[in-house]
Amino acid sequence: MDDYEQSLIYYKKTVKIFEKVLGEDHPYTATSYNNIGEIYWSISNYEKALYYHLMALQTREKVLGKNHLSTAYSYNNIGSVYNRMSKYDKALEYYLKAKKIYEE
């Protein structure tokens, strides 16, 4: 429905609840960080998108491991942000990390 500002409000409320109830190191919290990153990506705020996708990645690596499918999603999302920022070397680096996990 393209109401990104309203989506951000609700996603940020959700992440605060998950951080309080489940802790920062929980897969649901990581998913909330990812969702916020996706909203920022959609409105072309790539710096904030990158910040939240990196938070999701950090949590997923810690909780799920570096070879988990959800971690690969984070690598892919970060690659997409770098791609939009015309940082192609960084984009490729993260895309290749995701690819390695997908192929395992």
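The CD1 atom of I101 sits 11.5 Å away from the CG atom of L96 when rounded to the nearest 0.5 Å. Between R84 atom CZ and L50 atom CG the span is 14.0 Å, to the nearest 0.5 Å. Expressed to the nearest 0.5 Å, how far NZ of K62 lies from CG of L57 amounts to 13.0 Å. Here Y40 contributes atom OH and Y46 contributes atom OH; the two are 14.5 Å apart, rounded to the nearest 0.5 Å. How far CG of D3 is from CD1 of I39: 9.5 Å, rounded to the nearest 0.5 Å. Note that the OG1 atom of T59 and the CG atom of L54 stand 10.5 Å from one another [nearest 0.5 Å].
Using a 3.5 Å distance cut-off with no hydrogens or angles, the side chains of Y33 and E38 do not pair a donor with an acceptor. Side chains of E61 and Y75: a donor on one and an acceptor on the other come within 3.5 Å.
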### Query
Does the pair H26 and F18 meet the rule for a side chain to side chain contact (heavy atoms under 4.5 Å, CB included), with working shown?
CA-CA 8 Å; H26 193 280; F18 284 156; over 6 Å; no
### Query
Does the pair N77 and V81 meet the rule for a side chain to side chain contact (heavy atoms under 4.5 Å, CB included), with working shown?
CA-CA 6 Å; N77 290 339; V81 174; 5.7 Å; no
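Side-chain contact between L69 and Y102 is present, with heavy atoms from C-beta onward closer than 4.5 Å. Taking the side chain as every heavy atom from C-beta outward, N35 and Y52 never approach each other to under 4.5 Å. Taking the side chain as every heavy atom from C-beta outward, I36 and K12 approach each other to under 4.5 Å. You'll find the side chain of N34 reaches within 4.5 Å of the side chain of R60, heavy atoms only. N67 is listed as a side-chain neighbour of E104, based on a closest heavy-atom distance under 4.5 Å. Looking at heavy atoms from C-beta onward, E47 lies in side-chain contact with M85 at the 4.5 angstrom threshold.
Closest heavy-atom contact between A98 and A72: CB-O, 3.5 Å. Closest of all the heavy-atom pairs between A49 and G37 is CB-O, 3.4 Å. Smallest separation of non-hydrogen atoms from E5 and I43: OE2-CD1, 4.3 Å. The minimum heavy-atom distance linking A30 with A56 is given by the pair O-CB, 3.4 Å. Residues T71 and K66 share a closest heavy-atom pair of CG2-O, 3.9 Å. Nearest heavy atoms, E19 versus T29: CG-CG2, 3.8 Å.
Scored by the side-chain hydrogen bond (donor to acceptor under 3.5 Å, both in side chains) test, S80 finds Y95 as partners (sequence neighbours excluded).
Hydrophobic clustering of Ile, Leu, Val, Met, Phe, Trp and Tyr side chains at less than 4.5 Å, counting indirect connections, keeps L64 apart from M55. Taken together through direct or relayed side-chain contacts under 4.5 Å among Ile, Leu, Val, Met, Phe, Trp and Tyr, Y11 and Y51 form part of one hydrophobic cluster. If you chain together hydrophobic residues whose side chains sit under 4.5 Å apart, V21 and V15 never meet in one group.
T14 contributes a side-chain N or O that, together with a main-chain N or O of Y10, makes up a donor-acceptor pair within less than 3.5 Å.
No more than 12 heavy atoms of other residues, nucleotides or ligands shown are found within 6.0 angstrom of CD on Q58.
A centroid separation of less than 6.0 Å is found between the aromatic rings of Y82 and Y94.
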